Amino acid sequence: MTKEQFEDRRRRAVANYMEAARRDRSALGSTRRQKENAERRIRLCARLLSIWAQDGFWTPDNTRAYEMIYQYYDDGAPVSAI
């Protein structure tokens with residue numbers, strides 16, 4: 001996986017997670033605790049997207065994650081270090 005693919009997938013994953021949290025927050029019959037958890041998830045996603053917008057995507061955490069997961073290849077297939 002290239003760095004561009006990694007960045008695209010990571011951004012999409014955060015956007016999908018945020019959308020799911022928004023649905024959970026506004027779902028009929030959701031409890032106060034579920035709504036609070038959804039709000040927390042939305043804030044987390046917004047903070048990540050804000051950091052990436054200000055500092056660039058390749059923060060130390062993202063660089064470390066990419067290197068741990070995709071740095072080593074076995075015949076073109078990524079081998080996870082985890």
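In this text the structure is predicted, and so the values were computed from the model without any measurement. Just so you know, residue 1 is the first one in the sequence shown, and it goes up from there.
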Between atom [atom1] of [X] and atom [atom2] of [Y], what is the distance when rounded to the nearest 0.5 Å?
X	Y	atom1	atom2	answer
Gln5	Asp8	CD	CG	8.5 Å
Thr59	Leu48	OG1	CG	8.0 Å
Cys45	Arg40	SG	CZ	10.0 Å
Arg23	Ser30	CZ	OG	13.0 Å

| field | Working for side-chain contact (heavy atoms from CB on, under 4.5 Å), residues Thr63 and Glu67 | value | CA-CA 6 Å; Thr63 301; Glu67 289 171 352; 3.6 Å; yes
| said: Consider salt bridge (Lys or Arg N to Asp or Glu O under 4.0 Å). Of Arg32, Arg22, Arg25, which one does Glu39 pass it with? | reply: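 Testing each of Arg32, Arg22, Arg25 against Glu39, the sole residue satisfying salt bridge (Lys or Arg N to Asp or Glu O under 4.0 Å) is Arg25.
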| query | Charged N to carboxylate O under 4.0 angstrom, Glu7 versus Arg11? | reply |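 Here Glu7 pairs with Arg11 in a salt bridge, since their nearest N and O are under 4.0 Å apart.
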| request: Classify the angle between the aromatic ring planes of Trp58 and Phe6 as parallel (below 30°), tilted (30 to 60°) or perpendicular (above 60°). | output: parallel
| query | Short question: side chain of Gln54, backbone of Ile51 - any donor-acceptor pair under 3.5 Å? | reply | no
Can you name the nearest heavy-atom pair linking [X] to [Y], along with the distance?
X	Y	answer
Ala65	Arg10	CB-NH1, 3.7 Å
Ile42	Met18	O-CE, 3.6 Å
Ala20	Arg41	C-NH2, 3.8 Å
Ala38	Asp24	CB-CB, 4.2 Å

| message | With a 4.5 Å cut-off on side-chain heavy-atom distances among I, L, V, M, F, W and Y, is there a chain of contacts connecting Tyr17 to Phe57? | response |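 No, because Tyr17 and Phe57 fall into different hydrophobic clusters, even though each may have its own neighbours under 4.5 Å.
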| field | Stepwise side-chain contact (heavy atoms from CB on, under 4.5 Å) check, Arg64 with Asp61 | value | CA-CA 5 Å; Arg64 191 169 36 258; Asp61 286 340; 2.4 Å; yes
| task | List the steps and the verdict of side-chain contact (heavy atoms from CB on, under 4.5 Å) for Arg47 and Leu44. | result | CA-CA 5 Å; Arg47 189 173 70 234; Leu44 171 68; 3.3 Å; yes
| request: Could you check Glu36 against Thr31 for side-chain contact (heavy atoms from CB on, under 4.5 Å), going step by step and ending with a plain yes or no? | output: CA-CA 9 Å; Glu36 288 171 354; Thr31 65; over 6 Å; no
